[in-house]
Amino acid sequence: MIRTALDQCTDNKLYLAMNLSFACSSRMGEILGQAWSNVHISDEEIAADNAYVYIDKELTRASKRAIEMLGQKDIYHVLTPLFPDTSTRIILKKPKTDSSIARCGFLRPWLTFCYNGKSPRMNFGGLGDVYQDDDLVVALSNGRPCEDRIILKELEKLWENAGLPRVVFHPLHHSSTTYKLKPTTAPEGHSGRYGTHRE
């Protein structure tokens, strides 16, 4: 079902989010907070089968009061709001659990599959000053952060268009863990399980 959903997905943000959830066993907030600076996919790293992403933050929306209560220890960055007078802010914060902070390695086939021109950052064209680069892997076409409600709306449209059962996004990272426990055939030139692992 995941394979069918990915094949029929036309929204870049949802496509990347589903890939990262299934390949890295990541939660929604961790996916939306994933930074390009933590994506290590240089030609050398790929050739050595040492490509990986480092997960150390999550994206969420919080009230100004909640931000004050959390303090600087758990909040890494408060993103610039589109409308300064709003009572909430999108923030990058420490993940929900310490075990979520991890290095997630993956093999070459998944790299090609996931990062082959699918990021809005690669296709922003001549937006100039309109483009806000927050270094986010999953972002809107103008570079601004993508909130979970946008992903969930696109997911609902995908289920309808693809004729698939309606499931929520969250179980994808559980399906990932189950899939990785199954013995599989590794791609030619590789040993071990096909997919990713957290260290």
Side-chain angles (χ1 to χ4, degrees), residues 2 5 9 11-40 52-104 106 114-115 118-122 124 130-159 166-177 196 198-199:
I2 292 172
C9 182
D11 183 81
N12 290 345
K13 303 180 298 300
L14 177 59
Y15 183 89
L16 269 172
M18 286 195 297
N19 268 289
L20 287 168
S21 179
F22 190 70
C24 297
S25 304
S26 298
R27 298 180 179 88
M28 176 78 83
E30 297 164 2
I31 293 166
L32 300 181
Q34 181 65 56
W36 279 111
S37 57
N38 282 347
V39 176
H40 298 269
Y52 68 96
V53 297
Y54 185 66
I55 300 164
D56 64 350
K57 60 181 71 70
E58 66 178 40
L59 183 142
T60 189
R61 180 176 286 277
S63 68
K64 292 180 181 178
R65 178 176 174 80
I67 292 171
E68 291 175 1
M69 292 177 64
L70 282 171
Q72 294 301 313
K73 185 182 72 171
D74 292 328
I75 297 177
Y76 302 132
H77 183 58
V78 179
L79 283 74
T80 304
L82 186 60
F83 303 105
D85 57 344
T86 56
S87 61
T88 59
R89 295 288 186 270
I90 298 175
I91 62 173
L92 293 172
K93 61 180 284 292
K94 183 179 178 181
K96 184 177 180 180
T97 61
D98 289 339
S99 61
S100 294
I101 301 175
R103 169 179 160 143
C104 180
F106 38 73
C114 186
Y115 285 102
K118 289 292 183 179
S119 169
R121 193 184 196 198
M122 299 176 182
F124 66 85
V130 177
Y131 187 77
Q132 177 178 309
D133 191 351
D134 287 313
D135 194 41
L136 297 172
V137 173
V138 181
L140 302 181
S141 58
N142 60 3
R144 294 192 59 81
C146 177
E147 296 188 71
D148 56 358
R149 59 182 173 80
I150 298 173
I151 296 296
L152 297 178
K153 183 178 179 180
E154 291 296 334
L155 182 64
E156 182 68 22
K157 287 163 57 177
L158 175 62
W159 295 148
R166 281 176 166 76
V167 296
V168 295
F169 188 91
H170 183 74
L172 274 177
H173 83 274
H174 293 302
S175 299
S176 167
T177 302
T196 70
R198 285 192 176 210
E199 299 174 356

So which heavy atom on [X] is nearest to which on [Y], and how close?
{"X": "Lys64", "Y": "Pro84", "result": "NZ-O, 4.4 Å"}
{"X": "Ile91", "Y": "Ala62", "result": "CD1-CB, 4.0 Å"}
{"X": "Cys146", "Y": "Leu59", "result": "O-CD2, 4.0 Å"}

Salt bridge (Lys or Arg N to Asp or Glu O under 4.0 Å) pairs, two or more places apart, involving residues 81-93: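 Every pair satisfying salt bridge (Lys or Arg N to Asp or Glu O under 4.0 Å) with a residue in residues 81-93: Glu58-Lys93.
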By side chain to side chain contact (heavy atoms under 4.5 Å, CB included) - contacts of Arg65 (at least two apart):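 For Arg65 the side chain to side chain contact (heavy atoms under 4.5 Å, CB included) partners, ignoring immediate neighbours, are Ser63, Met69.
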Atom pair [atom1] ([X]) and [atom2] ([Y]), whose distance is rounded to the nearest 0.5 Å:
{"X": "Leu155", "Y": "Ile151", "atom1": "CG", "atom2": "CD1", "answer": "8.5 Å"}
{"X": "His77", "Y": "Asp134", "atom1": "NE2", "atom2": "CG", "answer": "5.5 Å"}
{"X": "Ile67", "Y": "Ile75", "atom1": "CD1", "atom2": "CD1", "answer": "5.5 Å"}
{"X": "Arg61", "Y": "Ser87", "atom1": "CZ", "atom2": "OG", "answer": "8.5 Å"}
{"X": "Met18", "Y": "Asp11", "atom1": "CE", "atom2": "CG", "answer": "9.0 Å"}
{"X": "Leu152", "Y": "Arg149", "atom1": "CG", "atom2": "CZ", "answer": "10.5 Å"}

Donor-acceptor contact below 3.5 Å, side chain Asn142 vs main chain Arg144: yes
Option passing side-chain contact (heavy atoms from CB on, under 4.5 Å) with Pro145 (candidates Leu79, Leu140, Thr80): Leu79
Member of Leu136, Val39, Asp135, Asp56 meeting the side-chain contact (heavy atoms from CB on, under 4.5 Å) criterion with Gln34: Val39
Flag side-chain contact, heavy atom, 4.5 Å: Tyr54 against Ile101: yes
Within-4.5 Å side-chain heavy-atom neighbours: Lys157 and Leu14: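 Side-chain contact under 4.5 Å: no.
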Asn38/Tyr52 under side chain to side chain contact (heavy atoms under 4.5 Å, CB included): CA gap, chis, key distance, verdict: CA-CA 8 Å; Asn38 282 347; Tyr52 68 96; over 6 Å; no
Which residues share a salt bridge (Lys or Arg N to Asp or Glu O under 4.0 Å) with Lys153, sequence neighbours left out: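 For Lys153 there are no salt bridge (Lys or Arg N to Asp or Glu O under 4.0 Å) partners, ignoring immediate neighbours.
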